[in-house]
Asks: 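The structure's right below; bear with me while I get my questions together.
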2 protein chains.
Amino acid sequence: MTTAQRPTLEAVARRAGVSRATVSRVVNGSTTVAEPIQEAVRRAVAELGYVPNLAARSLVTQRTDSIALVLPEEATRVFSDDQVFPSIIRGAAQELEAADKQLVLMLAGSPAGHDRVERYTTGRHVDGVLFASLHGADPLPGRLARLGIPVVCSGRMLGDVPVPYVDVDHVGGVTAAVRHLVDGGRRRIATIAGPQDMVAGVERLNGYRQAVQAAGLPELVAVGDFTRESGAAAMRQLLDRDPDLDGVFAASDLMAHAAMRTLRATGRRVPDDVAVIGFDDIETAAYTDPPLTTVRQPILELGRRGTRQLLRLAAGETIEPSVVLPTELVLRDSA
Amino acid sequence: MTTAQRPTLEAVARRAGVSRATVSRVVNGSTTVAEPIQEAVRRAVAELGYVPNLAARSLVTQRTDSIALVLPEEATRVFSDDQVFPSIIRGAAQELEAADKQLVLMLAGSPAGHDRVERYTTGRHVDGVLFASLHGADPLPGRLARLGIPVVCSGRMLGDVPVPYVDVDHVGGVTAAVRHLVDGGRRRIATIAGPQDMVAGVERLNGYRQAVQAAGLPELVAVGDFTRESGAAAMRQLLDRDPDLDGVFAASDLMAHAAMRTLRATGRRVPDDVAVIGFDDIETAAYTDPPLTTVRQPILELGRRGTRQLLRLAAGETIEPSVVLPTELVLRDSA
DNA sequence: TTGTATGCGTTATCAT
DNA sequence: ATGATAACGCATACAA
């Protein structure tokens with residue numbers, strides 16, 4: 001820890017024999033500086049190993065060139081083997097890379113984490129905030145928006161919050177899935193729903209309800225939380241209630257995977273006895289046994305679009321209050 | 001974008017009828033302020049919705065209370081379905097949560113990203129930097145360390161760089177794996193090695209070489225890059241060179257998984273004909289067919305320890321130049 | 001084209 | 001216990 005005193009603009013200016021202003025101009029790429037002087041400044045910068053102090057810079061520019069991606073989840077959950085969050089992160093990272101902005105990832109599962117996020121974002125440490133995976137009616141996005149901080153939600157918020165969002169067409173995807181089951185002759189179609197405090201959970205259940213009703217079929221619902229464990233439990237519950245069910249739509253691939261294992265454990269064949277369709281199209285969906293038919297959601301694109309919208313907003317543009325991306329049924333062997 | 005002018009200390013001070021200094025004291029929890037005044041200040045803060053400007057604060061305190069986790073990888077790679085990086089992130093997030101510091105995640109796969117990381121970290125935007133997954137001999141960690149910026153590497157660096165690190169006991173784990181194969185009567189033991197520009201790849205191959213030599217057995221090596229695809233290709237290569245091999249140690253679970261599939265595709269049974277052992281113990285290792293025997297590395301703990309070391313370093317403490325965490329052979333059915 | 005001077009919002013050092 | 005006041009390092013309006 002020598003903590004060598006870092007050279008400042010002032011030091012570079014002295015070394016190059018010019019004023020601070022001129023050094024600043026060169027460092028920031030102004031074209032109005034004579035070439036020989038630019039050269040001298042650049043040499044001084046290199047010799048001293050000068051690096052601008054970003055805090056000082058953003059204090060005066062009122063910009064930080066970094067944006068926050070907030071995941072109001074426990075880290076354990078964010079990086080479970082469902083690739084949803086990672087994909088959103090990737091999408092955001094790609095767009096920010098292109099814009100040469102810095103990604104600040106904030107995990108806010110705990111109340112303390114939530115507070116820290118609030119301090120950090122309201123403290124103007126970032127130029128904008130992208131939220132993902134909101135549970136219930138988190139007040140933070142609305143609060144930030146009211147403070148004039150650019151905010152976009154990836155995944156619509158529950159409740160009636162005036163924050164722009166991007167989301168996927170949950171209902172359309174589920175409708176296609178259920179219709180496929182019906183077309184395949186299934187008549188006792190159950191669903192393993194997602195958590196009902198998240199839009200993704202609510203919407204996919206809505207889609208299921210609408211679709212089975214439209215087909216004149218009965219509803220059979222068990223609720224999980226998108227994880228494998230909850231999927232297995234829900235599947236057992238459904239079998240208890242209707243041992244003769246012949247189709248299952250699970251609101252996540254992880255739950256679908258667990259459901260297939262549970263079905264097999266009870267001696268049922270997939271898809272011969274029971275057809276199973278998932279939602280997400282995670283990477284391993286093609287490797288399950290049998291390969292999983294599922295609804296693909298463009299989750300990477302969700303992260304990208306959300307980020308693009310946010311960057312536009314932060315740049316002062318007016319953006320659409322909502323963007324909805326299409327989903328697509330991917331046929332494999334499980335249904 | 002109303003961008004309401006954010007209230008400053010000055011505004012709060014006027015409102016509360018005190019000086020800026022006093023407001024600052026209250027905001028920062030100084031005890032030397034009379035209770036009634038504290039009360040008045042707090043009310044003013046609440047009424048105005050005052051939030052400290054972090055840039056201004058860190059400009060004077062020279063601290064940012066945030067640390068960077070740098071992953072010199074493409075986002076696509078970081079969030080592949082191997083859970084190594086996510087676990088490191090989780091570990092770091094947990095420790096920082098406890099320390100009430102902010103995690104800044106930086107993906108630096110591209111040269112541009114690498115530059116951005118350098119600007120950001122040398123720009124004093126963070127109090128310390130934790131590197132993970134270094135390829136080849138990245139000069140950045142050493143450079144930052146020389147600038148007096150606290151740096152720790154999660155995973156030892158290739159080359160002889162004087163940067164403190166934490167890593168797992170690769171050789172010990174591999175030795176246990178190969179010994180288990182030998183004890184099981186295997187005599188033609190191959191390895192699918194990891195990328196040779198990373199310590200994890202190099203060390204695991206070293207471990208394999210030492211172990212088979214110690215057992216008086218021949219070497220059989222193919223090199224992959226930890227991914228499934230490379231594992232399948234390497235397995236085919238190995239079978240071409242020795243169709244009668246009876247044991248495989250793969251340097252990652254993903255490669256082991258692909259190897260098992262490839263073996264089955266060629267009509268071989270696992271473990272009857274060929275025993276397979278992986279490395280990592282990712283979550284899905286227990287769900288492969290057959291469940292994968294593998295070397296567990298405490299990857300979450302690696303992230304945690306690295307972060308703890310970094311925090312100590314940033315606090316001015318002297319830390320051990322290296323910390324090595326134990327690995328453990330987990331017996332399942334594939335070997 | 002270059003330099004001077006000012007302010008960004010804090011914290012910290014002094015007095016009082 | 002509280003209040004002036006001086007940094008902190010930079011960008012920029014204005015002057016030259």
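Source: prediction; values computed, not measured. Every chain is numbered from 1, with letters handed out A, B, ... down the list of sequences.
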Asks: Between D:dC10, D:dG9, C:dG9, which one does the side chain of B:V60 approach most closely?
Replies: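 Within the option list, the nearest is C:dG9.
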Asks: Side chains of A:Q38 and A:R25: does their closest heavy-atom pair fall under 4.5 Å?
Replies: no
Asks: So, is B:S24 near the phosphate of C:dT11, with a side-chain N or O under 4.0 Å from OP1 or OP2?
Replies: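 For C:dT11, OP1 or OP2 has a side-chain N or O of B:S24 closer than 4.0 Å.
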Asks: Can you figure out which of D:dC10, D:dG9, C:dG3 approaches the side chain of B:Q62 most closely?
Replies: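 That would be D:dG9.
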Asks: When you get a sec, tell me which of D:dA1, C:dA5, D:dC8 is the closest nucleotide to the side chain of A:R20?
Replies: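 The closest nucleotide is C:dA5.
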Asks: Please report the distance, rounded to the nearest Å, between CG in B:N28 and P in C:dG9.
Replies: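 So the two atoms are 17 Å apart, to the nearest Å.
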Asks: Rounded to whole Å, how long is the line connecting atom CG of B:D65 with atom P of C:dT10?
Replies: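 After rounding, the reported distance stands at 16 Å.
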Asks: Do the side chain of A:R25 and the base of C:dG3 come within less than 3.5 angstrom through a donor-acceptor pair of N or O atoms?
Replies: yes
Asks: Would you call B:D100-A:R119 a salt bridge at under 4.0 Å N-O?
Replies: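 Yes, B:D100 and A:R119 are salt-bridged.
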Asks: Please examine the side chains of B:F131 and B:L71, heavy atoms only from C-beta on, and report whether any two atoms are closer than 4.5 Å.
Replies: no
Asks: Between C:dG3 atom P and A:R14 atom CZ, what is the distance in whole Å?
Replies: 15 Å
Asks: Under 4.0 Å between a side-chain nitrogen and a carboxylate oxygen: does that hold for A:R15 and A:E10?
Replies: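 Between A:E10 and A:R15 there is no salt bridge, as every charged N stays at least 4.0 Å from the carboxylate O atoms.
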Asks: CZ of A:R57 versus C1' of D:dT12: gap in Å, rounded?
Replies: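 Going from CZ in A:R57 over to C1' in D:dT12 covers 13 Å.
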Asks: Side chain of A:T22: nearest nucleotide among C:dT2, D:dG3, D:dC10?
Replies: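 The answer is C:dT2, which lies nearest to the side chain.
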Asks: Does B:K101 come within less than 4.0 Å of B:E95, counting only side-chain N to carboxylate O?
Replies: no
Asks: Reckon A:T8 has a side-chain N or O less than 4.0 Å from the OP1 or OP2 of D:dG9?
Replies: no
Asks: Output the single nucleotide from D:dA1, D:dA11, D:dA4 whose closest atom is nearest the side chain of B:S19.
Replies: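 It is D:dA4.
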Asks: The side chain of A:L59 is closest to which nucleotide in this list: C:dG9, D:dA11, C:dT4?
Replies: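 Shortest atom-to-atom distance from the side chain points to C:dG9.
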Asks: Nearest to the A:A21 side chain among D:dT12, C:dT11, C:dC8, which nucleotide is it?
Replies: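 Nearest to the side-chain atoms of A:A21, counting from C-beta on, is D:dT12.
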Asks: Considering only NZ, NE, NH1 and NH2 on the basic side and carboxylate oxygens on the acidic side, decide whether A:D65 and B:R116 come within less than 4.0 Å.
Replies: no
Asks: In whole angstroms, how far is the C1' atom of C:dC8 from the CG atom of B:L9?
Replies: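 Between C1' of C:dC8 and CG of B:L9: 13 Å.
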Asks: Base, sugar-phosphate alone, or nothing: which one does A:V18 contact when heavy atoms must sit under 4.0 Å apart?
Replies: sugar-phosphate
Asks: Using whole Å, report how far CG of A:N53 lies from P of D:dA11.
Replies: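 So the two atoms are 10 Å apart, to the nearest Å.
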Asks: For B:V26, answer base if it contacts any base atom (sugar-phosphate contacts may also be present), sugar-phosphate if it contacts only those atoms, and nothing otherwise; contact means non-hydrogen atoms under 4.0 Å.
Replies: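 Counting heavy atoms under 4.0 Å across all strands, no contact is made by B:V26.
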Asks: Using whole Å, report how far NE2 of A:H125 lies from C1' of C:dG9.
Replies: 13 Å
Asks: Compare the minimum distances between each of C:dG9, D:dA1, D:dC10 and the side chain of A:Y50, then state the nucleotide with the smallest one.
Replies: D:dC10
Asks: Which whole-number value in Å describes the distance from A:I37 CD1 to C:dT2 P?
Replies: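 A:I37 atom CD1 is separated from C:dT2 atom P by 4 Å.
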